[in-house]
Each structure stands twice: as structure tokens, then as C-alpha cells.
Student: 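What follows is a structure written as C-alpha cells; I'll ask about it next.
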Amino acid sequence: VSCLKTEVSMPTLVINQSIPEGFLRKILQNNTSLQRLKLRFSFDVSSQIYHLCQAIEMNRSLVELDIIDQIRADDST
């Protein structure tokens with residue numbers, strides 16, 4: 001995550017698989033100018049959701065959040 005030490009223009013980020021919780025938190029807390037975040041994976045434990053919510057609360061540029069639980073989406077077909 002050292003590439004995020006400087007301000008990075010990243011208006012949209014789509015994550016299709018689970019990544020380390022700390023990495024996503026760093027993206028949300030650093031100067032990324034992130035406006036849209038789309039997560040397409042299931043959260044393994046409730047602590048992941050808690051930490052994600054904390055990081056989102058600190059982010060001032062995020063205007064759109066889309067969370068799709070891929071496991072449940074696959075079950076409905």
C-alpha cells in the first residue's frame with residue numbers, strides 16, 4: 001500500500017474477491033479521492049464489516065457504496 005502514500009486519483013474501485021481487511025481500510029483512509037466503491041464478495045466475519053464501516057465513516061469523498069454478496073447472489077440462480 002506504499003503507492004497510496006501520495007494523493008492518487010481513483011474515482012471508482014471494483015473489488016471482485018476478498019482482500020486483506022487492512023488493505024481496503026488503507027485505501028479508504030488515504031488520499032485516494034475515491035467516489036464509488038463496489039465490493040463483490042462475502043464478508044467472512046462481522047468484524048470485517050465493522051472495520052469497513054469505520055473506514056467508510058472516516059472517508060470524505062465516497063458517495064456510492066455497492067456491496068454484493070456473491071455467495072448469496074449465486075444461490076438465487
Side-chain angles (χ1 to χ4, degrees):
V1 187
S2 62
C3 65
L4 296 176
K5 288 184 179 178
T6 59
E7 190 166 328
V8 176
S9 177
M10 186 178 3
T12 301
L13 177 62
V14 178
I15 301 175
N16 290 317
Q17 60 187 15
S18 184
I19 61 171
E21 165 191 317
F23 185 72
L24 182 56
R25 198 169 50 226
K26 286 281 189 190
I27 291 171
L28 288 166
Q29 291 174 347
N30 283 316
N31 298 324
T32 57
S33 301
L34 184 63
Q35 295 178 338
R36 290 175 206 85
L37 176 61
K38 297 183 183 217
L39 304 174
R40 297 185 178 170
F41 59 87
S42 63
F43 291 94
D44 296 332
V45 290
S46 61
S47 66
Q48 287 179 317
I49 295 172
Y50 175 76
H51 292 297
L52 174 64
C53 290
Q54 280 187 321
I56 288 170
E57 184 177 10
M58 294 175 63
N59 183 286
R60 300 290 179 223
S61 62
L62 191 64
V63 293
E64 182 179 331
L65 175 63
D66 184 12
I67 300 176
I68 299 172
D69 187 338
Q70 205 57 37
I71 292 173
R72 293 194 185 14
D74 292 342
D75 287 348
S76 65
T77 57

Student: Do side-chain atoms of S61 reach the backbone of Q35 as a donor and acceptor pair under 3.5 angstrom?
Tutor: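 Absent.
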Student: What distance do L37 atom CG and D66 atom CG have between them, rounded to the nearest 0.5 Å?
Tutor: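 Those atoms lie 8.5 Å apart.
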Student: Between atom CD of Q29 and atom CZ of R60, what is the distance when rounded to the nearest 0.5 Å?
Tutor: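 Result: 11.5 Å between the selected atoms.
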Student: More than 12 heavy atoms of other residues, nucleotides or ligands under 6.0 Å from CD of E57: yes or no?
Tutor: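 Atom CD in E57 is not packed in, count stays at 12 or less.
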Student: Of the non-hydrogen atoms in L34 and T12, which two are nearest, and what is the gap between them?
Tutor: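 Heavy atoms only, the tightest pair is CD1-C, 4.0 Å.
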Student: Flag the pair N16 / L39 as yes when at least one side-chain heavy-atom distance between them is below 4.5 Å, and no otherwise.
Tutor: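 No, too far: nothing below the 4.5 Å cut-off.
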Student: Roughly how far apart are N59 CG and S33 OG, rounded to 0.5 Å?
Tutor: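 Nearest 0.5 Å value for the CG-OG distance: 9.0 Å.
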Student: Less than 4.5 Å apart, side chain to side chain, heavy atoms only: is that true for L52 and L28?
Tutor: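 Yes, side chains in contact.
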Student: Just how far is it from atom CD1 of I67 to atom CD1 of I15, taken to the nearest 0.5 Å?
Tutor: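 Reported to 0.5 Å precision, the distance equals 10.5 Å.
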Student: Could you give the distance from CD (Q17) to CZ (R40), rounded to the nearest 0.5 Å?
Tutor: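 Q17 atom CD to R40 atom CZ measures 13.0 Å (nearest 0.5 Å).
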Student: List the steps and the verdict of side-chain contact (heavy atoms from CB on, under 4.5 Å) for E64 and K38.
Tutor: CA-CA 8 Å; E64 182 179 331; K38 297 183 183 217; 4.1 Å; yes
